[in-house]
Amino acid sequence: MDAFCSLSGLDPLWDWNRTWYTPNPDLTQCFQNTVLVWVPCIYLWLCAPFYCLYLYCHDHGHIRVSCLCSAKMVFGFLLASFGFVEFFYILLERNQEIQQHMVFLLSPIIRSLTVVLAICIIQLERMRGCRSSIFLFLFWLLAVLCSLVPLRAKIQLAVDEGFSSDAVRYLAFFSYFSLQMAQLFLSCFADHPPSTAKPVLVKNPCPVQDASFLSKFLFWWFSGLVVKGYRTPLQAEDLWSLREEDTSNKIISDLEQEWTAECTKLQKQEKSLNRGVALGTRLTDQAQLLRKLQKEQSSGFCLLRTLARNFGPYFLSGTLCLMIHDAFMFSIPQVLSLLLGFMRDEDAPLWKGYFYASLMFLLSCLQSLFNHQYMYSCFTVGMRVKTAVMGLVYRKSLVINSAARRTCTVGEIVNLVSADTQKLMDFVVYFNAVWLAPIEIALCLFFLWQHLGPSALAGIATVILIFPLNGFIAKKRSKLQEVQMKYMDGRIKLMNEILNGIKILKFYAWEKAFLEQVLGYRQRELKALKKSQILYSISIASFNSSSFLIAFAMFGVYVLIDDKNVLDAQKVFVSMALINILKTPLSQLPFAMSTTMQAIVSLKRLGKFLCQEELKSDSVNKVPFSPDGDAVVVDNGTFSWSREGPPCLKRVSVRVPRGSLVAVVGHVGSGKSSLLSAMLGETERRSGSVTVKGSVAYVPQQAWIQNATLKDNILFGRDKKESWYQRVLEACALLPDLEILPAGDATEIGEKGLNLSGGQKQRVSLARAVYRKADVYLLDDPLSAVDAHVGQHIFDKVIGPKGVLRDKTRVLVTHGMSFLPQADLILVLVDGEITEMGSYLELLSRHGAFADFIRAFASSERKESSVQRGTRKSSSRLSMTDFMPFSRDLSQEQLIGGDTVSTSLQTMEPITDTDQEQIPEDLGKLTEVDRARTGRVKLEMYMEYFKTIGLALILPILFLYAFQQAASLAYNYWLSLWADDPIVNGTQINTDLKLGVYGALGFAQGVAIFGTTVAISVGGIIASRALHLDLLNNVLHSTMSFFESTPSGNLLNRFSKEIDAIDCMIPDGLKMMLSYVFKLLEICIIVLLATPFAAVIILPLALLYAFIQSFYVATSCQLRRLESVSRSPIYTHFNETVQGASVIRALGEQNRFILQANHRVDHNQTSYFPRFVATRWLAVNLEFLGNGVVLAAAILSVMGKETLSPGIVGLAVSHSLQVTGILSWIVRSWTDVENNIVSVERVKEYADTPKEAAWTVESSALPVAWPQTGTIEFHDYGLQYRKGLEWALKGITLHIQEREKVGIVGRTGAGKSSLALGIFRILEAAKGEIYIDGINIAEIGLHDLRSRITIIPQDPVLFSGSLRMNLDPFDAYSDEEVWSALELAHLKNFVSGLPDKLNHECSEGGENLSLGQRQLVCLARALLRKTKILLLDEATAAVDLETDNLIQSTIRSQFEDCTVLTIAHRLNTIMDYTRVIVMDKGHIAEMDSPSNLIAQRGHFYRMCREAGLV
């Protein structure tokens, strides 16, 4: 090269004296004209083929020629022409001595050809739809950077010699440089979107798609949202739509096929394993357990493999950024070393100092950029993993079979979606640290060895000591965490049940017992948390002191080995910078390990769930509809609920002819519902076959209602055909109900049908099935929950021979004898076998069990044919049919069976800061949507939180923080003094003393750190205990109307997510924030000590910092809230789906529900995505500020070279290097605290809800045996559901004697249930009083009242726990008493047959007992309490006739000396009562003995006539 240059008469390529060892550095002419020109060209030519290949593989469509593209082309041609002109100019001008000008001839032509290549690439990018090119940006950047040196030389020359000497040459060069700058500038922008891409109409597209790569790199595209969020609080509609690659649809469609393939592979493996076990041999328990664990493990790994295949490539691109970041990170201490060397060298020219300072600044900036690109890609992958896992779990929950469904409760499934997906997201972010951290640690130690020699090993020894300690702690903590999670799961499960059965708790006054149970769980949960937090404090203390400990060990060993080893500034501060780098991987590694461990557990759990047995699609042979032959055929079928369990149906053979009505009868628990499940394919088919022709509709025994409008519940995804819709409503007797509901069929139905009565739910459920016009109808006792006359109406209009379904095939499970004569075929089930089969008359003539059964009841009932004795569960209060015109004008009284018509809530105002007018659209709204609060968190929330901790703890915390930072400052300053110590005869004096002082200060800091972290943890636990207790008390003391208007998902969210945030997140955030704020103070003090002039720079930076931070916090908090609010509906929807899975499957609506779930998840992700980008936006901007501090400290140190010692410069610069990280951590931890303090706000929300009266009143001295006689008096009693609504009861005056049996009857809405609500004070009197035994019930505590009277409610609610707990939660009775109550309730044989007897575990909601058995348990509760007053809310609805008779006789015999009030829908149950009260429109219409009332021929007579009793 030198020869080539010397040909052209230029100096050699490189000359150190000209470039480095000079106060005025410059590059040689040869270098400027060859290397600087060729480098950008070589880059472009080498990389172009690969880039073109990339473009060829990724076609995004064609971009039309835009102004931007035209400008690039024009500038490109101009640049190319410059080169060619120069080439020809030299050829013509110097053609004689062309040999001497070879360098000048070659460079322009190479340059021009390269520009032509760049122009071709611009065109290729346009053709392939590439909107912004990082490849060309780098080329232009290189070109501009390489032109800077010649530019400087030219300017210097012009200044020295004058511009006129060679004006053309100068002009040409400056124009060329300007064009290059212009190209660089243009390449920072993105072109138009490709036009061939199919136009996708997105409402509010995400600007990242239109952003140039530079904007993506610096996250500038996000600024718009930040500014918007700063001006006005963000709303959901301000957020961008998800990019297509982030939507559920795209992610899950790719993932699902792969996962199915993986699952099939797993099952094959398992089968081959099972074959491997010799036949006939049983595995030992140990071997079985091992096999089970292996299965869980492999399913977890399969899931990981599938996720890695889909999201791996994008994740790896992020990993590449992380590695580049590491390279920059390690080069900074090397530059620091050079800077300190420069400070020591008195002859060094100043430009070197400025060069090092600028280089440090540049490296710091690049390090920040790459780090945040990596974080961004991690969070994006995390978000996609979350979407994928949620989608898989949701789809699985729709196909899981009943045996598997029993092993995981709804709560556990929701937990998989909430907790376990979160763990996987954390895993994605921290996984790289697992393998990269050890490499970083090794590199740090290598560089330390270079500075301190073998003494670096002392540092390794310290690390090795700290590590096992932290490993041990992490292991201990994960065990404690499992314990804590177990108690938390238990607590949430219990809360879920309390919220579902809150009405029963209130009726029985059981809140205290359940409160104690919840607090028991909470106590144990917090105990585990406290242990875990103390261990964590040891961990934190050892980490935060780690840099001191390592330095102490290394420097100590270094100076003690040899007197000649001296510590100068370079050794000390470069080592400190390296140790600070070392801290990051050291702190990440254990965290990454534990996150990985947790993720493995979560993967196992998810894998286990996703590999659960599914319903076999072949268990029912579904064939298309054909008009001939049988519609349903079961051929010698044996079915069970699980593969191993006992069969629930044995040797069943049934042929159901097309269009026939088949009735299935049998006792409670004889397998009637199981038969329908078998026809639906919900059970495990052991043998035989099932064939069903055509589509199926199914009505379950317990109606499943969605939280949607009434209309949506009936249409269930079908299009609305008005005439058919009206016919269905009429046939299902729903028209009268629509008149009562506040917004007709647009009324929102609460969760689980909260604001409908049992009968209405059942009729809506039936209407849903009828509307679908299916071919086969499986009806699991739909008439159980409705009044007799409505039952008859529905049978006639829907199910019977003249009903809407007359041409369809109907299988009806029923207890209604009156419908049997009209059935074409009757199946009699006994213990899972069909004992008899035939028409009504055939069975009667056989004189078998069926005939005896019918005769027994026929004799006990006069006029069997006209009394519709069939209704099992008559809770419908809203069921009048068309022949009752006078009952249309209804008042709103339904509360007892869950039938609050939402009128009681119809005037609920939305909670906003201003009282807005009530909007009519809200008429049918019931549930209060979980609303996002807007704006910043109010200061009083912080005050509230700190007040709960108490000042006694807060002051010591602040003192300890100040002390710990003072110690840190002192030992760092001490080090700088030590480094500046003069060297005498090659040694320093008093090294032992210096080392001792250094050690003492460092250890003092360590102790202080431990103290602060423990104190904050303890404070956090104190606060969270108090807040949880308040929340629990507030919720349990709330009125019933509160539970009806608040979805249980919202409440559960408060008890799980929000309380969890208060438990862990807030204290952790505070620890971080405080430690960083104090650390920042220390750094500022050090920088100002060294260079007081830095204040001029630090102050404006601080203001700018505050400015950026305030922008970010406003937006971030609002995004956090929006994300939190959009999370609840996901879980509510999950909850609903899991509970209604059998209905969704039977009606074939899985796809619609999957789409709904997708929509909800996507809606949640639209606020999650900007949330994590906001953090990156902030960090990138702040780290530029932080790097500004580094630059300031370094430049000012260079300027003050004469006065400053290397020690103090090292101290200032090495500390300023930490600023970048600290700044963004402060804001991040501050936002974390602010985001999580929202949880305090949300938990506190329920303090202001309406509360019930006190549970116990101290002053009222109630007699122990009250009520002794059981007399009840109403004095001009009136009741309203809310002020301003019409009276539900008005002017009731009534005296009920002791031992009197009173029936309360009346049409729907007449006020029957309101009486019961009044007696129990579920609703307080609006006027008048009720006296029981002469005591005004309004003056005594609610529990005193409710525990002394008893109700048998309509819906039999059981809680999970032992049967004994369900009967007697306070353990107030002996086992003998419990057994005798069970005997009287006819449950003794059943319970004594159970393996655990009284300790039999009831599952969630008592699902492992049949409905009838649950009703008997409710009867046993009443028998056990045996109070003087018993209220029956038609409790015999859910049992068959025999059991019904038993219950009635039990009540008559056992409660003979009690006052019994019965809210009756079936009049024959109260014909022998002493008195009947007929309610109408809220007042007593008639009252007398039944016989007298019939004689009066009034309301009661008409009702009896309708029921066929007269």
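Just so you know, these numbers come straight off a predicted model, no measurement behind them. Computed from heavy atoms alone, side chains included, the values below leave out hydrogens, waters and symmetry copies. Numbers for residues simply follow the sequence, beginning at 1.
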Could you grab the distance from atom [atom1] of [X] to atom [atom2] of [Y], nearest 0.5 Å is fine?
{"X": "Thr114", "Y": "Ile121", "atom1": "OG1", "atom2": "CD1", "result": "10.0 Å"}
{"X": "Leu186", "Y": "Cys67", "atom1": "CG", "atom2": "SG", "result": "11.0 Å"}
{"X": "Phe330", "Y": "Leu443", "atom1": "CZ", "atom2": "CG", "result": "4.5 Å"}
{"X": "Phe1111", "Y": "Thr1115", "atom1": "CZ", "atom2": "OG1", "result": "8.0 Å"}
{"X": "Ile1097", "Y": "Leu1185", "atom1": "CD1", "atom2": "CG", "result": "12.5 Å"}
{"X": "Leu578", "Y": "Phe446", "atom1": "CG", "atom2": "CZ", "result": "11.0 Å"}

Subject >> Candidate pair Val1213 and Tyr356, rule side-chain contact (heavy atoms from CB on, under 4.5 Å), full reasoning >> reply: CA-CA 12 Å; Val1213 177; Tyr356 294 141; over 6 Å; no

**OP:** Verify side-chain contact (heavy atoms from CB on, under 4.5 Å) between Ser1214 and Asn580, making sure each step is shown before the conclusion.
**Re:** CA-CA 9 Å; Ser1214 68; Asn580 280 329; 5.7 Å; no

Minimum heavy-atom separation for [X] and [Y], please, with both atom names.
{"X": "Ser377", "Y": "Gly318", "value": "OG-CA, 3.1 Å"}
{"X": "Ala348", "Y": "Phe342", "value": "CB-CD1, 3.5 Å"}
{"X": "Ser368", "Y": "Asn1187", "value": "OG-ND2, 3.7 Å"}
{"X": "Ser212", "Y": "Cys188", "value": "OG-O, 2.7 Å"}
{"X": "Val115", "Y": "Gly76", "value": "CG1-O, 3.2 Å"}
{"X": "Pro1170", "Y": "Leu225", "value": "CB-CD2, 3.8 Å"}

Using modelled atom types and a 3.5 Å cut-off, is there a donor and acceptor pairing between side-chain atoms of [X] and backbone atoms of [Y]?
{"X": "Thr1091", "Y": "Phe1093", "result": "no"}
{"X": "Ser81", "Y": "Phe77", "result": "yes"}
{"X": "Ser187", "Y": "Gln183", "result": "yes"}

Original post:
Who are the side chain to side chain donor-acceptor pair (under 3.5 Å) partners of Tyr374, not counting sequence neighbours?
Top reply: Asn432

Quick check: do [X] and [Y] have side-chain heavy atoms less than 4.5 Å from each other?
{"X": "Gln334", "Y": "Leu338", "value": "no"}
{"X": "Ser107", "Y": "Trp38", "value": "yes"}
{"X": "Val37", "Y": "Ile110", "value": "no"}
{"X": "Leu340", "Y": "Leu336", "value": "yes"}
{"X": "Cys365", "Y": "Phe1184", "value": "yes"}
{"X": "Met329", "Y": "Phe370", "value": "no"}
{"X": "Pro150", "Y": "Phe173", "value": "yes"}
{"X": "Phe379", "Y": "Thr1175", "value": "no"}

Original post:
Should we count OH of Tyr54 as having more than 12 external heavy atoms under 6.0 Å?
Top reply: no

**OP:** Walk me through it: do Ile122 and Cys69 pass the test side-chain contact (heavy atoms from CB on, under 4.5 Å)?
**Re:** CA-CA 8 Å; Ile122 292 175; Cys69 186; 4.2 Å; yes

Original post:
How about Phe219 and Tyr376: are their ring centroids closer than 6.0 Å?
Top reply: yes

Original post:
Is the centre of the Phe222 ring less than 6.0 Å from the centre of the Trp240 ring?
Top reply: yes

Please tabulate, one pair per line, all N/O donor-acceptor pairs under 3.5 Å involving side-chain atoms of residues 123-146, not counting sequence neighbours.
residue: Gln123; atom: OE1; partner: Arg126; partner atom: NE; Å: 3.2
residue: Gln123; atom: OE1; partner: Arg126; partner atom: NH2; Å: 3.0
residue: Glu125; atom: OE2; partner: Tyr51; partner atom: OH; Å: 2.5
residue: Glu125; atom: OE2; partner: Ser133; partner atom: OG; Å: 2.7
residue: Arg126; atom: NH1; partner: Ile63; partner atom: O; Å: 2.9
residue: Arg128; atom: NE; partner: Leu55; partner atom: O; Å: 3.1
residue: Arg128; atom: NH2; partner: Tyr56; partner atom: O; Å: 2.8
residue: Arg131; atom: NE; partner: Asp191; partner atom: O; Å: 3.0
residue: Arg131; atom: NE; partner: His192; partner atom: O; Å: 3.3
residue: Arg131; atom: NH1; partner: Gln209; partner atom: O; Å: 2.9
residue: Arg131; atom: NH1; partner: Asp210; partner atom: OD1; Å: 3.0
residue: Arg131; atom: NH2; partner: Asp191; partner atom: O; Å: 3.2
residue: Arg131; atom: NH2; partner: Asp210; partner atom: OD1; Å: 3.0
residue: Ser132; atom: OG; partner: Phe213; partner atom: N; Å: 2.9
residue: Ser133; atom: OG; partner: Phe135; partner atom: N; Å: 3.4
residue: Ser133; atom: OG; partner: Leu136; partner atom: N; Å: 3.0

Original post:
Is NZ or CZ of Arg111 both nearer than 6.0 Å to the six-membered ring centre of Tyr176 and within 45° of the ring axis?
Top reply: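 Yes, Arg111 lies over the aromatic ring of Tyr176.
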
Subject >> Intermediate values then yes/no, side chain to side chain donor-acceptor pair (under 3.5 Å), Glu1183 and His372 >> reply: CA-CA 10 Å; Glu1183 295 195 2; His372 296 301; 3.2 Å; yes

Original post:
For Asp326, what residues pass the salt bridge (charged side-chain N to carboxylate O under 4.0 Å, His left out) criterion, not counting sequence neighbours?
Top reply: none

**OP:** Evaluate the ring planes of Trp221 and Phe1169, with Trp represented by its six-membered ring, and classify them as parallel (under 30°), tilted (30 to 60°) or perpendicular (over 60°).
**Re:**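 Trp221 vs Phe1169 ring planes: parallel.
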
Original post:
With sequence neighbours left out, what residues match Ile332 under side chain to side chain contact (heavy atoms under 4.5 Å, CB included)?
Top reply: Met360, Leu363, Ser364, Gln367, Leu1217

Only pairs under 3.5 Å count here: list side-chain donor-acceptor contacts from residues 1189-1201, not counting sequence neighbours, and write none if there are none.
residue: Ser1197; atom: OG; partner: Ala1193; partner atom: O; Å: 2.5
residue: Lys1201; atom: NZ; partner: Asp345; partner atom: O; Å: 2.8

**OP:** Apply the test side-chain contact (heavy atoms from CB on, under 4.5 Å) to residues Ser112 and Phe82: give CA-CA distance (whole Å), side-chain angles for both, the deciding distance (0.1 Å), then the verdict.
**Re:** CA-CA 8 Å; Ser112 294; Phe82 262 104; over 6 Å; no

Subject >> Pairs where residues 147-157 contributes a residue and the test salt bridge (charged side-chain N to carboxylate O under 4.0 Å, His left out) is met, not counting sequence neighbours >> reply: Asp26-Arg152

Original post:
Are side-chain N/O atoms of Gln570 and His451 paired as donor and acceptor at under 3.5 Å?
Top reply: no

